[in-house]
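Shown next, in structure tokens, is the structure this report addresses.
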Amino acid sequence: AGAVSGKITVTIGGTTATSSTDFAVLQTTITGFSPELGTDGATVIITGTNFSTILSDNIVEFNGTPATVSAATSTELTVTVPAGATTGKITVTIHGKTTTSATDFTVPPPTIVNYFPAIAAPGISVTITGTNFSSIAANNIVKFNGVDATVTAASPTALTVTVPAGATTGVLTVKVGLATATGSGDFEICSGAAELVISDVVITNIGGATSYNVSFKVTNVGAADADLTKMTMQNYASADAAVGSDVAASGYGLSSGGTLSPGQAYTFSFSANISGGNTTSHPYLIITLFDTPDGSVPECNIDNDIVIKRFN
């Protein structure tokens with residue numbers, strides 16, 4: 001280890017012999033790496049010369065953080081970006097001699113684009129979308145207003161997490177390595193009541209049509225049962241993406257959904273007619289859930305009982 005170029009000497013019984021020519025220690029070089037940015041868990045190929053073909057001989061670090069080498073040839077190393085890596089140089093050390101990359105490897109910070117739902121009770125699954133998450137679930141530290149959550153699935157652009165017990169309404173954060181992303185709005189904790197959210201709206205129609213087909217999912221993300229047999233739905237066709245300038249587009253009871261316990265969902269599908277308009281004059285569909293007739297399905301926040309979706 002640590003050998004340098006020069007003569008080779010051999011001493012036996014006090015007699016020393018020296019080689020007539022120099023022994024040259026090959027110098028390792030890093031000529032590049034691909035990709036040039038990534039988060040922990042990503043695979044990076046380092047190209048160069050005179051790497052060791054013995055995996056353990058190649059000590060690779062990302063800005064000082066040791067990485068795992070999974071494959072090695074004399075000209076290429078396959079490594080995994082380590083947890084905690086930060087933007088900086090890549091180094092390869094072989095037998096005590098260190099080679100440093102000419103350019104930095106970039107570890108971009110995570111960002112939170114959205115989360116759905118934005119309100120839920122503890123134990124409910126939430127999907128966080130964004131960028132630069134770790135594909136290793138445990139390397140994404142998610143907190144609901146400071147309370148650690150469990151990440152059950154992860155990709156660079158989406159995390160599936162469970163709202164933790166003890167969480168309170170407040171900021172949602174995701175930490176990857178040393179960088180932390182904060183959501184743009186508070187995540188609301190629902191306790192003691194049901195909470196319905198509408199998602200996965202799919203509309204089938206043609207331009208100018210006076211009828212349409214629609215399907216959508218209703219999920220109870222609250223802490224209490226939601227008896228859909230005591231609820232109705234009213235659809236409106238609107239001239240713009242706001243409630244107003246609407247015409248009726250049929251209403252239905254939700255009895256087929258039965259009672260949804262926390263975390264359960266039901267998908268509704270039906271055909272309907274637009275009264276006094278069509279999908280060209282009123283290109284937006286507004287779906288609204290109503291707790292009728294006696295207010296017996298209280299929710300944490302009724303703002304989620306409406307969704308607006310454009311026709312084709």
Side-chain angles (χ1 to χ4, degrees), residues 1-111 130-141 151-159 174-181:
V4 296
S5 299
K7 298 290 192 295
I8 298 174
T9 59
V10 178
T11 302
I12 301 176
T15 302
T16 299
T18 302
S19 63
S20 59
T21 58
D22 287 348
F23 175 81
V25 176
L26 296 177
Q27 177 63 47
T28 300
T29 65
I30 297 175
T31 57
F33 47 84
S34 179
E36 296 180 350
L37 59 82
T39 57
D40 61 298
T43 298
V44 174
I45 306 297
I46 303 171
T47 54
T49 60
N50 302 319
F51 298 139
S52 175
T53 57
I54 301 172
L55 291 181
S56 59
D57 284 350
N58 303 283
I59 309 301
V60 177
E61 295 183 347
F62 284 71
N63 202 26
T65 302
T68 299
V69 181
S70 57
T73 70
S74 61
T75 59
E76 188 173 281
L77 300 177
T78 302
V79 300
T80 302
V81 179
T86 55
T87 296
K89 299 292 191 292
I90 295 176
T91 59
V92 177
T93 301
I94 301 174
H95 301 314
K97 288 189 170 296
T98 300
T99 301
T100 303
S101 64
T103 59
D104 286 350
F105 179 85
T106 301
V107 180
T111 65
T131 62
N132 304 320
F133 300 143
S134 173
S135 56
I136 301 172
N139 291 346
N140 303 280
I141 309 302
V151 180
T152 57
S155 76
T157 57
L159 301 176
V174 177
K175 182 179 180 181
V176 182
L178 301 179
T180 300

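Quick note: numbers below take in every heavy atom, side chains included, and nothing from hydrogens, waters or symmetry partners.
- Here the closest heavy-atom approach between residue Thr111 and residue Ala181 is recorded as CA-CB, 3.8 Å.
- A donor-acceptor pair shorter than 3.5 Å can be found between the side chains of Ser134 and Asp40.
- Residues Ala67 and Thr80 come closest through the heavy atom pair CB-O, 3.4 Å.
- Applying the ring pair (Phe, Tyr, Trp, His ring centres under 6.0 Å) test to Phe133 and every residue at least two apart in sequence or in another chain returns nothing.
- Contact record, Ala72 with Leu77: CB-CD2, 3.5 Å, taken as the closest heavy-atom pair.
- Partner Val81 forms a side chain to side chain contact (heavy atoms under 4.5 Å, CB included) with one of Leu37, Val44, Thr68 and no other, that one being Val44.
- Residues Asp57 and His95 form a side-chain contact, since some pair of their non-hydrogen atoms from C-beta on lies under 4.5 Å apart.
- The backbone N or O of Ile54 sits less than 3.5 Å from a side-chain atom of Ser52, completing a donor-acceptor pair.
- For Ser70, the side chain to side chain contact (heavy atoms under 4.5 Å, CB included) partners are Thr78, not counting sequence neighbours.
- Closest approach of Ser101 and Phe33 over heavy atoms only: CB-CE2, 3.8 Å.
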> Taking it one step at a time, do Thr87 and Asp104 satisfy side-chain hydrogen bond (donor to acceptor under 3.5 Å, both in side chains)?
Replying inline: CA-CA 7 Å; Thr87 296; Asp104 286 350; over 6 Å; no
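- Here Ile94 contributes atom CD1 and Asn50 contributes atom CG; the two are 8.0 Å apart, rounded to the nearest 0.5 Å.
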>> One pair to check against side chain to side chain contact (heavy atoms under 4.5 Å, CB included): Glu76 and Ile45. What are the steps and the verdict?
In response: CA-CA 7 Å; Glu76 188 173 281; Ile45 306 297; 3.3 Å; yes
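- Side-chain contact between Phe62 and Val107 is absent, with no heavy atoms from C-beta onward closer than 4.5 Å.
- Nearest heavy atoms, Ala154 versus Asn140: CB-ND2, 3.8 Å.
- Phe51 places none of its side-chain heavy atoms less than 4.5 Å from the side chain of Thr73.
- Residues Ile30 and Ile90 come closest through the heavy atom pair CD1-O, 3.7 Å.
- Crowding of Lys89 atom NZ: a count of heavy atoms from other residues, nucleotides or ligands under 6.0 Å exceeding 12.
- For Thr31, the side chain to side chain contact (heavy atoms under 4.5 Å, CB included) criterion is met by Thr29, Thr47, not counting sequence neighbours.
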